[in-house]
K.L.:
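Attaching a single structure in structure tokens format; questions to follow.
Proteins come first, then strands; the chains are lettered A, B, ... in the order of their sequence lines, and each starts at number 1.
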There are 2 protein chains.
Amino acid sequence: MNEAARIPPEIPSPDAAPPAANEDRPEAPAYDLMELLFFAYRDFVADPDRILAEYGFGRAHHRVLHFVDRNPGLTIAELLDILRITKQSLNRVLKELIEQGYIAQRTGTSDRRHRLLTCTPGGRRLARRLAAVQGRRLRRALDEVGPELREPAGRFLLALIEPGEREAVSRLLAATAETGPADEP
Amino acid sequence: MNEAARIPPEIPSPDAAPPAANEDRPEAPAYDLMELLFFAYRDFVADPDRILAEYGFGRAHHRVLHFVDRNPGLTIAELLDILRITKQSLNRVLKELIEQGYIAQRTGTSDRRHRLLTCTPGGRRLARRLAAVQGRRLRRALDEVGPELREPAGRFLLALIEPGEREAVSRLLAATAETGPADEP
DNA sequence: GAGATATGTCAACAACACTGACGTAAATCC
DNA sequence: GGATTTACGTCAGTGTTGTTGACATATCTC
């Protein structure tokens, strides 16, 4: 509807817009990075999608499986905070994963209201299979651009994250780094 | 389907071992990068989402608007190839964008079957407003990690893209770099 | 015991993807 | 110049994943 009424105050626009080139005008939006991020992410999730389809699962299941595998004992509330979805949305996929034996629940000991989530062996197997294809893509990419870019790439991605959330993300990464993908099945 | 049929050659497997493990085992999967990509992308699209909600639009509208703004004269088939969705899916959001005056169609001259898509001034304004918030996030990130990481970051993201598609993506990026976000309002 | 917290659930709805089928106009092939 | 292919439009139905709102239950905290 009437778009004419809407005048975004933020963009100096009409004559202030510079050419796309990045070097000459550092203020030009990084269109190339925006689009690379789009294409990279699309291909990045496409591999798991194919596997998930075999199981009748979707991306939502993948995310739950992934973070539970990486963080055994995760509670519902923590998972909701990671995924940023409503508990109703989570519950639907979580229920399926539990009913089909990929994820197990146990009641918290210190706080019996908590539901501590863990992967069953089958759940872990699927989670790692999904991680494997994404890991292969990442490894191939790092092999191509040079392994010395791994740490900078991580810093760049972290810098893209909302500042107020980086701390929590970093803690999560550190926690999983301890637990590790461990050889234990 | 039958995942049990899979027998990884190296691992004795106590009860159906994980194909998830890296066969040659050079190093563990880059779990940190997987998760950083997830969180970064989530925040990256969150900014546009808020703006789009004002207009009653969603991410699908954003993607169409973005690529049409960046590639004036784009055809339906080209857009479908970029977005990798069905024409029925595209048609729904495209119709809304056209009806509400954000995108215009004209018939191709060399091939009158083509529909050449362009942004109206209002469409361009919205597209640039959306690009602006994502551009701000990218610029802030690059300021933090150092601008010298811009080019490597782009190479890393490109390397994540399916090899067979990188050529097309590169061409698209090059094309938009030429056309640029033109000064005309 | 009162109130807050963590979780579960029901119902309705919306965005956005899919498949399959069919139609039309325009270009191309033989 | 008729047949075929290509590019696009549309109708109808379906599935996944998100949303809001309301309400229930168990458990912890004060």
K.L.:
Cation-pi check for F38(A) against R63(B): NZ or CZ below 6.0 Å from the six-membered ring centre and within 45 degrees of the axis, yes or no?
P.N.:
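No, a cation-pi geometry is absent between R63(B) and F38(A).
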K.L.:
Between dC8(D) atom C1' and I103(B) atom CD1, what is the distance in whole Å?
P.N.:
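Computing the I103(B):CD1 to dC8(D):C1' distance gives 16 Å.
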K.L.:
Please determine, for the side chain of H114(B), which listed nucleotide (dA17(C), dA7(D), dG18(D)) has the closest atom?
P.N.:
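Ranking dA17(C), dA7(D), dG18(D) by closest atom to the H114(B) side chain puts dA7(D) first.
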K.L.:
Round to the nearest Å and state the distance from L117(B) atom CG to dA7(D) atom C1'.
P.N.:
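For the pair L117(B) CG and dA7(D) C1', the rounded distance is 12 Å.
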K.L.:
Write down the distance between CG (D49(B)) and C1' (dA14(C)), rounded to a whole number of angstrom.
P.N.:
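After rounding, the reported distance stands at 14 Å.
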K.L.:
Name the nucleic acid region contacted by R92(B), choosing base, sugar-phosphate or nothing; use a 4.0 angstrom heavy-atom cut-off, strictly under.
P.N.:
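Contact class for R92(B): base.
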K.L.:
Within this structure, what is the NZ-to-C1' distance between K95(A) and dT7(C), rounded to whole angstrom?
P.N.:
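Going from NZ in K95(A) over to C1' in dT7(C) covers 12 Å.
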K.L.:
Rounded to whole angstroms, how far apart are CG on L80(B) and C1' on dG9(D)?
P.N.:
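Result: 12 Å.
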K.L.:
Mapping R115(A) and V93(A) to their closest nucleotides on DNA chain D, which lands nearer the 5' end?
P.N.:
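Whichever sits nearer the 5' end wins; that is V93(A).
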K.L.:
Do Q105(B) and dG9(D) share a donor-acceptor pair, side chain to base, under 3.5 Å?
P.N.:
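Check fails, no donor-acceptor contact within cut-off.
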K.L.:
Under 3.5 Å, is there any donor-acceptor pair linking the side chain of K87(A) to the base of dG8(C)?
P.N.:
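In this structure, the two groups form a donor-acceptor pair.
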K.L.:
Are E96(B) and R92(B) close enough for a salt bridge, meaning some N to O gap below 4.0 Å?
P.N.:
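No, E96(B) and R92(B) are not salt-bridged.
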K.L.:
Please tell me which of the listed nucleotides, dA27(C), dA26(D), dT20(D), lies nearest to the side chain of T86(A)?
P.N.:
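For T86(A), the side-chain atoms sit closest to dT20(D).
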K.L.:
Salt bridge between D32(B) and R150(A), side-chain N to carboxylate O under 4.0 Å?
P.N.:
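Salt bridge present between D32(B) and R150(A).
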K.L.:
Counting only side-chain nitrogens and oxygens, does R63(A) get under 4.0 Å of the OP1 or OP2 atom of dT16(D)?
P.N.:
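R63(A) to dT16(D) OP1/OP2: no side-chain N or O under 4.0 Å.
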K.L.:
Measure from CG on L90(B) to C1' on dC18(C) and round the result to the nearest Å.
P.N.:
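L90(B) atom CG is separated from dC18(C) atom C1' by 14 Å.
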K.L.:
Which residue, R84(B) or S110(B), contacts DNA chain C at a nucleotide closer to its 5' end, judged by nearest heavy atom?
P.N.:
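The residue mapped nearer the 5' terminus is R84(B).
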K.L.:
Under 4.0 Å between any heavy atoms, over every strand shown, what does E96(A) touch: base, sugar-phosphate, or nothing? Just pick one.
P.N.:
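Counting heavy atoms under 4.0 Å across all strands, no contact is made by E96(A).
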K.L.:
Counting the atoms with a prime plus P, OP1 and OP2 as sugar-phosphate, which does E78(A) contact under 4.0 Å by heavy atoms, base, sugar-phosphate, or nothing?
P.N.:
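Nothing, no nucleic acid heavy atom in range.
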K.L.:
Quick check on DNA chain D: between R112(A) and H61(A), whose nearest nucleotide comes earlier from the 5' end?
P.N.:
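The residue mapped nearer the 5' terminus is H61(A).
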K.L.:
Mind telling me whether Y41(B) and F44(B) have parallel, tilted or perpendicular rings, with 30° and 60° as the class edges?
P.N.:
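F44(B) and Y41(B): tilted rings.
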K.L.:
Starting at CG of L83(B) and ending at C1' of dC18(C), how long is that distance when rounded to a whole Å?
P.N.:
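Checked: the CG to C1' distance equals 15 Å.
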K.L.:
Any N or O donor-acceptor pair linking the side chain of Q88(A) to the base of dG21(D) at under 3.5 Å?
P.N.:
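Donor-acceptor pair under 3.5 Å: yes.
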K.L.:
Where the side chain of R113(A) is defined as all heavy atoms beyond and including C-beta, which of dC28(D), dC8(D), dT7(C) is the nearest nucleotide?
P.N.:
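Out of dC28(D), dC8(D), dT7(C), the nucleotide with an atom closest to R113(A)'s side chain is dC28(D).
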K.L.:
To the nearest Å, give me how far apart CD1 (I76(A)) and C1' (dG8(C)) are.
P.N.:
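Atom-to-atom, I76(A) to dG8(C), this comes out as 9 Å.
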K.L.:
Any idea which heavy atoms bring R42(B) and I82(A) closest together, and the distance?
P.N.:
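It is NH2-O, 3.4 Å.
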K.L.:
Of the candidate nucleotides dG18(D), dG8(C), dA17(C), which contains the atom at the shortest distance from the side chain of N91(A)?
P.N.:
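Taking heavy atoms from C-beta onward, the closest nucleotide is dG8(C).
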K.L.:
Could you please name the option among dT17(D), dC18(C), dT7(C) that lies closest to any side-chain atom of S89(B)?
P.N.:
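Of all the options, the side chain of S89(B) is nearest to dC18(C).
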K.L.:
Between R155(B) and E144(A), does any side-chain N to carboxylate O distance fall below 4.0 Å?
P.N.:
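Salt bridge flag = no for E144(A) with R155(B).
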